[in-house]
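Here is the structure we will look at.
For ligands, and for the atoms within them, numbers begin at 1 and follow the listed sequence. We use all heavy atoms of the structure for the numbers below, so side chains are in, but hydrogens, waters and symmetry mates are not.
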Amino acid sequence: MARRKIVAGNWKMNMTPSEAVKLVEELKPLVASDDVDVVYCVPAIDIVPVVEAVKGSNVKIGAENFYIEDKGAFTGEISAPMLKDAGVEYIVIGHSERRDIFGENDILINAKVKKAFEAGLKPILCCGESLELRKKGTYLDWIKRQITWDLTGVTADQVKNLVIAYEPIWAIGTGETASSDQAEEVCKAIRENISEMYDAATAEAVRIQYGGSVNAGNAAELFAKPNIDGGLVGGASLKADFGKIVNYK
Ligand code: PEP
């Protein structure tokens with residue numbers, strides 16, 4: 001069975017609540033699609049108004065971060081059950097900005113993946129190599145290690161509902177995109193890794209996105225590759241281009 005494509009916008013720390021609602025209204029006619037899952041991963045403060053604003057459309061909402069405990073004395077944090085109750089369906093985990101700027105390691109990321117599933121959220125698990133590892137040629141080993149750590153104790157049934165985003169760090173926000181062949185090489189290797197860790201059916205079901213300067217001009221070529229099931233889109237998700245990426249065909 002063909003996997004359904006999924007195109008998710010990662011808004012990062014952009015859009016005040018009122019700007020967010022305006023953007024949703026502007027994008028609404030542009031992102032309509034019957035055969036692509038469309039997700040906006042938005043800042044925590046935008047979740048409630050954006051969930052309201054997308055009602056009646058095909059758009060699903062994702063969050064960008066949460067903490068692994070359900071409740072308690074964790075000032076400033078938001079839990080997975082809170083996100084679920086607010087209408088969130090997807091959650092970005094392991095983004096390189098959280099790994100590099102906020103020091104999140106694979107032990108925490110693994111705990112987040114398990115907690116997200118427990119709360120009924122679908123993780124978009126990010127992985128990817130630095131420019132240094134790309135140049136060294138050890139990037140496939142690095143990504144395999146990330147995936148193996150991040151999915152420790154996660155069941156095959158859960159992985160079937162997982163989205164993995166391959167995001168080479170050197171291509172995020174830089175305007176430099178991995179070529180479609182470079183992206184396909186890694187997405188294929190991730191699928192093979194899932195097959196080794198689980199089984200062929202699980203590897204066939206898991207959706208693997210490419211992320212890193214995806215735009216209206218390169219989405220069609222990237223998404224045509226057999227192991228690329230859509231994209232995680234940063235900068236271009238904040239403008240009309242996002243509609244062209246969703247309707248890339
Ligand atoms: C991202 O934020 O995950 C990303 C890929 O950003 P950009 O599309 O701007 O490179």
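Checking Thr138 against Asp141 by side-chain atom types alone, no donor-acceptor pair falls below 3.5 Å. Side chains of Trp170 and Glu132: no donor on one and acceptor on the other come within 3.5 Å.
The side-chain tip of Lys112 points at the ring of Phe66 from less than 6.0 angstrom away and within 45° of straight on.
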Gln209/Tyr166 under side chain to side chain contact (heavy atoms under 4.5 Å, CB included): CA gap, chis, key distance, verdict: CA-CA 6 Å; Gln209 297 173 313; Tyr166 165 55; over 6 Å; no

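Contacts of ligand 1 (protein heavy-atom distance under 4.0 Å) are Asn10, Lys12, His95, Glu167, Ala171, Ile172, Gly173, Gly211, Gly212, Ser213, Leu232, Val233, Gly234, Gly235.
Classified by interplanar angle (parallel below 30°, tilted 30° to 60°, perpendicular above 60°), the ring pair Phe223/Tyr248 is perpendicular.
Test Val154, Asp157, Thr155, Ile91 against Phe117 for side-chain contact (heavy atoms from CB on, under 4.5 Å) and you get one pass: Val154.
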